[in-house]
Amino acid sequence: MEFNTTLLHGAAIARYPGREILPPISQVSAFRYESMEELEKVFLHKSMGYAYTRIGNPTISAFEQRLAELEGGAAAVCCSSGMSAITASLLAVCSSGDEIIASSGLYGGTIDLLRDLEKLGIHTVFTQQLTKEAVKELANEKTRVVFGELISNPAQRVLDVPSISEAAHERGIPLFVDATTATPYIARPLSLGADVVIHSTSKYLNGGGNAIGGVIIDGLSFPWDVNKHTALANFKKYGKRAFSVRLRTDIWENIGGCMAPVNAFFNYIGLDTLGLRMEKICKNADLLAHALEGIDGISVDYLTLESHPYHDFAGKYLGGHGGGILTIRAGSKEKAFLIINALKYAMIASNIGDLRTLVIHPASTLYIHSTREEMEAAGVYEDTIRVSVGIEDAEDLIVDFTNAIRSALEE
Ligand SMILES: *Cc1c(COP(=O)(O)O)cnc(C)c1O
């Protein structure tokens, strides 16, 4: 089965008790049982069943199963947000005194979280470029996880997952990949060697900009050694499932960051069109980047442009796709604002992955709390405009951006 057919007819598409085509929205807090014995069995994990939505809910499970299938993973846990997913995944493998290796151009919220984790005694060693050489140099006996974004936002640096995971695995360390900006349409990190893949489902997986959510998907291939990963000590008997069992029955459940059932439903129906949307979004972004590339006075950064430093990676690991994010450097903050304000179709909003084209000036919004060094490490400058390309007609987007740029540069 190809991608779109898997989306609609894959093994994860279940038959529902009332013959519904879509999973019914179980918008309930709790599930009732006919006898105390039955509920006891559910709590003892001796029989399958739902008890309380923070711990499990059929609408959420329906979405989790599809994501596990799409990523080629074995266990998925949905969370209330992408940040909640990143938090739970890191706390499941790190205890006080442990270290994380991460790339410095991460999503701003993740950088802030890693700063918060310092107060819990979990230290992050940042590297400008997350490569196998960086892992070899920075890994030590305290390192518990290597964390990176498959396609960073907005710099569009691409992780060489096979070589990074190899270097990490040689040292008994797993690789966790945030693949929010890539989606399984573009690449499946687990098949490239990553151990755990994380998404903010709020972005492309939902696609309609109508529900915050996150997911953690475990490939169940990492051979956990609980002498090293002491955070998993009580889960030794689960072997390769130690991480996902600890996550589901311990950290995630106790932090309480479950996805709302109604959000799982919105995500479920959004996911149906992931392939269609990503195909159109990638094509639009490619056409827009090539159309704007030649305009004097600005510069354009997009993965499929020959000039992009990671251009070859797009061919090698991303099926030739560049994703939905491109950046424009306008020359100054004032010009960036003029261009943004002159756009007719692109909406000014702090989000990506919507099917509408969205624009923002990251330096004065998303990176307002960052130092200049942190900002530039993430590929954000005073004059950077970030565009999250949508599914409008490419011709209209090209005219809109060209007119806005020309009028701003004339002023
Ligand atoms: C948005 C985003 C997050 C955070 O997700 P939320 O759903 O907003 O909590 C994490 N990583 C990346 C790459 C993102 O784009």
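As the structure is a computational prediction, the values presented were derived from the model and not from experiment. Counting starts at 1 for both ligands and their atoms, in listed order.
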Closest protein heavy atom to [atom], given as residue, atom name and distance to 0.1 Å:
{"atom": "atom 9 (O) of ligand 1", "result": "Met83 N, 2.9 Å"}
{"atom": "atom 15 (O) of ligand 1", "result": "Lys203 NZ, 2.8 Å"}
{"atom": "atom 4 (C) of ligand 1", "result": "Tyr107 CE2, 3.4 Å"}

Tell me whether [X] has any N or O atom under 3.5 angstrom from an N or O of ligand 1.
{"X": "Ile86", "result": "no"}
{"X": "Asp178", "result": "yes"}
{"X": "Ser202", "result": "yes"}
{"X": "Thr181", "result": "no"}

Exercise. Mark the output for Ile352 as yes if a heavy-atom distance to ligand 1 is under 4.0 Å, and as no if none is.
Key: yes
If the contact criterion is a heavy-atom separation under 4.0 Å, does Ser84 count as touching ligand 1? no
* Asked: Are Asn57 and Tyr52 linked by a side-chain donor-acceptor pair shorter than 3.5 Å?
  ->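 Tyr52 and Asn57 do not have a side-chain donor-acceptor pair below 3.5 Å.
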Ring centroids only, cut at 6.0 angstrom: are [X] and [Y] within range, meaning strictly under it?
{"X": "Tyr204", "Y": "His199", "result": "no"}
{"X": "His169", "Y": "Phe222", "result": "yes"}
{"X": "Phe31", "Y": "Tyr50", "result": "yes"}

- Query: Which atoms of ligand 1 have any heavy atom of Gly82 under 4.0 Å away?
  - Reply: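 So the answer, numbered in order with elements, is 5 (O), 6 (P), 7 (O), 9 (O).
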Here the atoms of ligand 1 under 4.0 Å from any heavy atom belonging to Gly213 are 7 (O)
Does a sphere of radius 6.0 Å around NZ in Lys228 hold more than 12 heavy atoms from other residues, nucleotides or ligands, not counting ones at 6.0 Å or beyond? yes
Here the gap from Asp396 atom CG to Tyr345 atom OH, rounded to the nearest 0.5 Å, amounts to 4.5 Å
Quiz item: Is the His361 ring parallel, tilted or perpendicular to the Phe337 ring (thresholds 30°, 60°)?
Solution: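 Answer is perpendicular, since the angle exceeds 60°.
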- Would you mind checking if Asp272 and Arg66 are paired as a salt bridge, meaning a charged N to carboxylate O distance below 4.0 Å?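 Yes, Arg66 and Asp272 are salt-bridged.
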